[in-house]
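For the numbers below, each heavy atom of this structure counts, side chains included, while hydrogens, waters and symmetry mates do not. Numbered from 1 within each chain, the chains take letters A, B, ... in sequence-line order.
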Amino acid sequence: DAGVTQSPTHLIKTRGQQVTLRCSPISGHKSVSWYQQVLGQGPQFIFQYYEKEERGRGNFPDRFSARQFPNYSSELNVNALLLGDSALYLCASSLSQGTTGELFFGEGSRLTVL
Amino acid sequence: SQQGEEDPQALSIQEGENATMNCSYKTSINNLQWYRQNSGRGLVHLILIRSNEREKHSGRLRVTLDTSKKSSSLLITASRAADTASYFCATNAYRGAQKLVFGQGTRLTINP
């Protein structure tokens with residue numbers, strides 16, 4: 001079975017632009033979460049979606065938004081990019097929405113903002 | 001903000017030795033998980049320990065949890081070069097939501 005897949009793997013944007021990152025969860029997984037990992041830091045929670053509804057939101061500005069589609073894939077959108085948005089964006093899926101399970105991570109999308 | 005803090009930030013040992021990494025956190029938790037990350041790639045889940053458990057084993061991994069001290073440790077026995085990676089602890093303190101709070105990680109280097 002395929003794992004969590006993310007696209008694109010690398011991208012370069014300039015300040016003020018907008019970016020859309022995509023994630024396909026493991027087949028059968030209904031929960032998708034997004035994390036931002038700045039170089040040298042641990043991942044920070046951005047969003048969790050379960051059954052197409054937002055279940056959790058981290059401490060990120062409104063420039064960050066996400067959605068989940070009927071097939072459980074997800075998109076993360078970031079508007080008005082800042083230099084500080086340069087990071088590895090990780091998507092993770094799991095079977096349940098709750099606290100009991102492990103997360104399965106994709107390889108990430110590395111965003112560079114110039 | 002990051003709830004967990006790993007100690008040490010970096011650890012370098014010889015192949016075959018044991019590696020111990022520690023994690024401290026600030027709030028009550030439902031469970032604590034350890035993940036491994038190879039050089040800027042995706043994270044791989046290693047082990048989950050629930051708040052009512054004190055110790056758990058998986059292969060060469062041993063995790064302990066002390067909720068009174070709000071701390072956990074990860075022991076890797078008989079280390080191998082392939083264990084070279086960054087290791088993160090992550091806590092889940094939220095009911096009904098999967099919001100993991102990660103520490104800053106321990107960068108482990110195994111020298112052949």
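- Within the structure, every pair that satisfies the salt bridge (charged side-chain N to carboxylate O under 4.0 Å, His left out) test and touches residues 5-27 of chain A, not counting sequence neighbours, is listed here: A:Arg22-A:Glu75.
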B:Phe102 vs A:Phe45, test: ring pair (Phe, Tyr, Trp, His ring centres under 6.0 Å). Steps then yes/no. CA-CA 9 Å; B:Phe102 286 84; A:Phe45 174 80; over 10 Å; no

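- The hydrophobic cluster around A:Leu83 extends to A:Leu11, A:Val19, A:Leu21, A:Val32, A:Trp34, A:Ile46, A:Phe47, A:Tyr49, A:Phe60, A:Phe64, A:Leu76, A:Val78, A:Leu81, A:Tyr89, A:Leu111, A:Val113, counting ILVMFWY residues whose side-chain heavy atoms fall within less than 4.5 Å of a member.
- Contact of A:Gln37 with chain B is made through the side chain alone, with heavy-atom distances under 4.5 Å.
- The choice from A:Leu90, A:Leu103, A:Leu88 that makes the most heavy-atom pairs within less than 4.5 Å of chain B is A:Leu103.
- Classification of the A:Phe104-A:His29 ring pair by plane angle, with boundaries at 30° and 60°, yields tilted.
- Residue B:Gln37 touches chain A through its side chain alone, counting heavy-atom pairs closer than 4.5 Å.
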